[in-house]
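Please read the structure below before turning to the comments.
What's counted below: heavy atoms across the whole structure, side chains too, no hydrogens, waters or symmetry copies. Keep in mind it's a predicted model, so treat the numbers as computed, not measured.
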Amino acid sequence: MQDSSCKLIIENAFKKYWGVIIACMITPALLYAVLQILPTHDDWCSTTTPDFRPFFIKEHFFFFGYHWRPFDTWIGYIAGRNPKVVYPTFNHLLVVGGHLLCTVTVYKLLLVLGFKQFSRNLATLCFFVLPATMATATAIDSQNQVYALTCDMIAFLLYIKMKRARYIVWILLIFLATLFKENGLMWALIGPILAFGFDFIDQKTLKKDLLIGIGIMVLYALAITIMPKDITIHPDYEPGVMKVVANVVKFLFSTFITVDYIYLLHAPSRNLLWAIVSLFFTLPFLYLIWVKNIRSMIGKKMLCILISMVIAVGPHLLTVFSMMHTYAGLSLLIIMMAYGIDNCQQTKKSIITAFILFMTTSLAIDAHLIHESIKSGLVGKKMAQEAIQKTGKPVKSVYVIIIEDDYPKLSSFCVIPNEAFGWGIAAQYETNYQWPEIIEDTTIERSADAIRKAKELGLETLNQQQYKCIWIVDHEHIDVIKR
């Protein structure tokens with residue numbers, strides 16, 4: 001009797017939550033694969049890298065450098081206690097665990113918004129496996145994006161469900177999301193717009209709450225203005241019309257089209273046949289839920305979802321946009337997807353068949369993206385080991401001369417070798433940050449005699465006795481000049 005009762009409970013739970021359950025079942029395999037990814041590119045420069053300074057310093061609590069992200073600096077502090085053990089394993093655990101938590105929150109969001117059981121499960125599972133999420137789920141420093149979005153969605157759920165103190169809780173959670181990452185602030189506007197689109201508030205309340213949202217943004221700007229800070233404006237953040245146009249194109253492509261991006265966009269890896277095959281197998285599902293019934297989707301709900309999505313990714317469209325930045329708008333994409341499934345005129349069998357094709361192809365693309373990320377990390381590791389071996393013994397200071405590399409880059413998946421090497425920082429990681437203590441770098445143009453020029457510059461720098469060793473980086477090869 002007990003066995004049949006337990007079996008019934010399990011069956012009912014699976015029927016209701018199968019999208020979340022399958023995501024949980026996939027998570028161990030995703031985590032196993034992701035744990036093999038080593039730091040590359042800006043992983044070496046982010047504030048989540050091992051930090052050996054004391055905890056109670058202003059940089060760990062206030063605006064420092066490009067951002068006000070105290071949680072990132074605390075992760076860096078934890079990593080600094082035992083880098084070889086903690087970094088980047090701890091980061092990966094936070095990101096993958098956070099991605100699963102975010103997926104569960106997406107399911108709850110779709111439930112509260114009133115979508116059918118079939119739609120919310122299908123859309124939730126899509127969120128977890130979408131290749132568009134992989135640039136975030138596989139990144140070492142992207143926990144800020146994952147937890148900012150999670151906090152924002154929880155803030156929205158409490159905003160529409162609570163009666164008492166809902167504005168206080170909403171504002172506090174929006175600020176918490178923003179301390180993870182600045183684009184968390186955008187939900188101060190998204191919340192009221194989305195609530196209005198799904199008839200949780202009327203037009204009068206919308207106007208009032210949008211004013212409150214703007215007030216939240218003003219408070220955040222004021223807090224940055226009055227706090228102790230050391231602000232550096234990143235050159236990539238400088239606005240420009242053509243940059244915005246390019247970012248919009250990237251956003252539309254990486255968000256609304258599912259294809260093997262590496263086979264399509266990365267020249268050394270290009271395989272147009274497989275890229276077309278991946279597109280061919282993912283298009284039927286997207287066509288059925290969006291294109292086939294587009295007329296039935298036009299209305300207030302869809303308009304508010306689209307406006308919310310533009311607001312969510314707006315900061316990235318105006319500054320820097322790469323594949324990992326799609327994550328900020330993906331919960332809105334999933335709402336749009338659930339809305340499309342709810343309104344789909346096709347039979348459930350047709351949707352399931354198209355979804356299985358979509359899911360299988362997405363998982364294959366995910367595996368490829370992860371594989372290339374692992375390869376990029378191993379390139380940096382190999383270069384670090386080569387530099388250490390050729391240097392022979394610990395040195396205090398190193399000058400790194402990088403010969404400009406025309407190897408194409410694709411997000412965090414296919415990384416330029418000198419960036420995988422971290423401009424020398426990967427060698428510090430390999431020695432558990434024992435040496436070299438000081439690393440400076442410069443880049444020279446690639447030419448027929450670039451190696452000769454690099455060696456001349458290296459000898460000249462070495463003769464100034466400011467550095468103990470010179471590392472010359474030529475693609476994946478390291479040459480060492482030492483005293």
Side-chain angles (χ1 to χ4, degrees), residues 14 17-35 37 92 95-110 115 118-139 142 145-146 149-150 153 253-264 274-275 277-290 323-338 340-341 351-374 411-413:
F14 190 81
Y17 302 111
W18 61 264
V20 173
I21 292 170
I22 293 175
C24 291
M25 291 167 64
I26 295 171
T27 298
L30 174 63
L31 183 59
Y32 173 78
V34 166
L35 283 173
I37 298 174
H92 283 312
V95 173
V96 175
H99 183 49
L100 181 60
L101 177 63
C102 199
T103 302
V104 174
T105 312
V106 164
Y107 178 89
K108 180 64 176 177
L109 178 65
L110 297 176
F115 291 108
F118 178 68
S119 303
R120 61 178 180 262
N121 276 292
L122 222 63
T124 298
L125 190 53
C126 277
F127 177 81
F128 189 76
V129 304
L130 268 177
T133 66
M134 283 300 107
T136 295
T138 61
S142 63
Q145 295 196 115
V146 173
L149 180 57
T150 303
M153 288 191 291
F253 175 78
S254 59
T255 304
F256 292 97
I257 296 175
T258 300
V259 65
D260 193 311
Y261 308 111
I262 293 174
Y263 282 146
L264 181 66
W274 283 112
V277 168
S278 68
L279 183 63
F280 178 78
F281 283 129
T282 56
L283 273 182
F285 178 65
L286 301 177
Y287 174 77
L288 282 179
I289 64 171
W290 283 333
M323 284 185 184
M324 72 184 305
H325 296 129
T326 58
Y327 203 86
L330 284 182
S331 61
L332 285 312
L333 178 78
I334 295 306
I335 294 172
M336 192 187 303
M337 190 173 280
I341 298 168
I351 298 174
I352 291 173
T353 303
F355 175 73
I356 290 171
L357 279 174
F358 179 88
M359 174 88 169
T360 306
T361 308
S362 292
L363 288 172
I365 296 170
D366 293 346
H368 187 208
L369 297 174
I370 293 170
H371 174 70
E372 292 300 320
S373 297
I374 294 171
S411 189
S412 57
F413 307 119

Taking atom [atom1] of [X] and atom [atom2] of [Y], what is their separation to the nearest 0.5 Å?
| X | Y | atom1 | atom2 | answer |
| --- | --- | --- | --- | --- |
| Glu372 | Tyr263 | CD | OH | 7.5 Å |
| Leu109 | Ile335 | CG | CD1 | 4.5 Å |
| Ile334 | Tyr107 | CD1 | OH | 14.5 Å |
| Thr105 | Leu100 | OG1 | CG | 9.5 Å |
| Ile262 | Ser411 | CD1 | OG | 9.0 Å |
| Ser119 | Ile289 | OG | CD1 | 9.5 Å |

Stepwise side-chain contact (heavy atoms from CB on, under 4.5 Å) test for Met336 and Trp290: CA-CA 9 Å; Met336 192 187 303; Trp290 283 333; 3.7 Å; yes

Side chains of [X] and [Y], heavy atoms from C-beta outward: is any pair under 4.5 Å?
| X | Y | answer |
| --- | --- | --- |
| Ile370 | Leu30 | yes |
| Met337 | Phe115 | no |
| Met153 | Cys102 | yes |
| Tyr327 | His99 | yes |

Candidates Ile365, Asp366, Thr282 - the one meeting side-chain contact (heavy atoms from CB on, under 4.5 Å) with Asp260: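 Testing each of Ile365, Asp366, Thr282 against Asp260, the sole residue satisfying side-chain contact (heavy atoms from CB on, under 4.5 Å) is Ile365.
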
Sequence neighbours excluded, every pair satisfying salt bridge (charged side-chain N to carboxylate O under 4.0 Å, His left out) that has a member inside residues 97-109: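 Every candidate salt bridge (charged side-chain N to carboxylate O under 4.0 Å, His left out) pair involving residues 97-109 fails, so no pair, neighbours aside, qualifies.
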
Pair Trp274-Leu264, side-chain contact (heavy atoms from CB on, under 4.5 Å): steps then yes or no: CA-CA 8 Å; Trp274 283 112; Leu264 181 66; over 6 Å; no

Per-pair distances, 0.1 Å, donor-acceptor, side chain in residues 355-364, under 3.5 Å, sequence neighbours excluded:
{"unit_1": "Thr360", "atom_1": "OG1", "unit_2": "Ile356", "atom_2": "O", "d": "2.7"}
{"unit_1": "Thr361", "atom_1": "OG1", "unit_2": "Leu357", "atom_2": "O", "d": "2.7"}
{"unit_1": "Ser362", "atom_1": "OG", "unit_2": "Phe358", "atom_2": "O", "d": "2.8"}

Taking all non-hydrogen atoms of both residues, which atom of [X] and which atom of [Y] are closest, and how far apart?
| X | Y | answer |
| --- | --- | --- |
| Ala23 | Thr27 | O-OG1, 2.7 Å |
| Thr150 | Gly98 | OG1-O, 4.2 Å |
| Val104 | Val20 | CG2-CG1, 3.9 Å |
| Ile37 | Ser373 | CD1-CB, 3.8 Å |
| Thr326 | Ser254 | CG2-OG, 2.9 Å |

Heavy atoms of other groups near Phe256 CZ, more than 12 under 6.0 Å: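 Yes, the 6.0 Å shell around CZ holds more than 12 heavy atoms from other groups.
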
Which residues share a side chain to side chain donor-acceptor pair (under 3.5 Å) with Thr255, sequence neighbours left out: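 Listed in chain order: nothing, the list is empty.
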
Counterpart residues, side chain to side chain donor-acceptor pair (under 3.5 Å), relative to His92 (two or more places apart):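 Once residues adjacent in sequence are excluded, His92 has no partner under the side chain to side chain donor-acceptor pair (under 3.5 Å) criterion.
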
Residues in ring pair (Phe, Tyr, Trp, His ring centres under 6.0 Å) contact with Tyr287, at least two apart in sequence or another chain: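 In terms of ring pair (Phe, Tyr, Trp, His ring centres under 6.0 Å), with neighbours along the sequence ignored, Tyr287 is linked to no residue.
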
Verdict with reasoning, Phe285 to Ile341, per side-chain contact (heavy atoms from CB on, under 4.5 Å): CA-CA 10 Å; Phe285 178 65; Ile341 298 168; 4.2 Å; yes

Which pairs would a plain distance check flag for residues 122-139, meaning a side-chain donor or acceptor within less than 3.5 Å of a matching protein atom at least two apart in sequence or in another chain?
{"unit_1": "Thr124", "atom_1": "OG1", "unit_2": "Arg120", "atom_2": "O", "d": "2.5"}
{"unit_1": "Thr133", "atom_1": "OG1", "unit_2": "Leu130", "atom_2": "O", "d": "2.7"}
{"unit_1": "Thr136", "atom_1": "OG1", "unit_2": "Gln145", "atom_2": "NE2", "d": "3.1"}
{"unit_1": "Thr136", "atom_1": "OG1", "unit_2": "Met324", "atom_2": "O", "d": "3.0"}
{"unit_1": "Thr138", "atom_1": "OG1", "unit_2": "Met134", "atom_2": "O", "d": "2.5"}

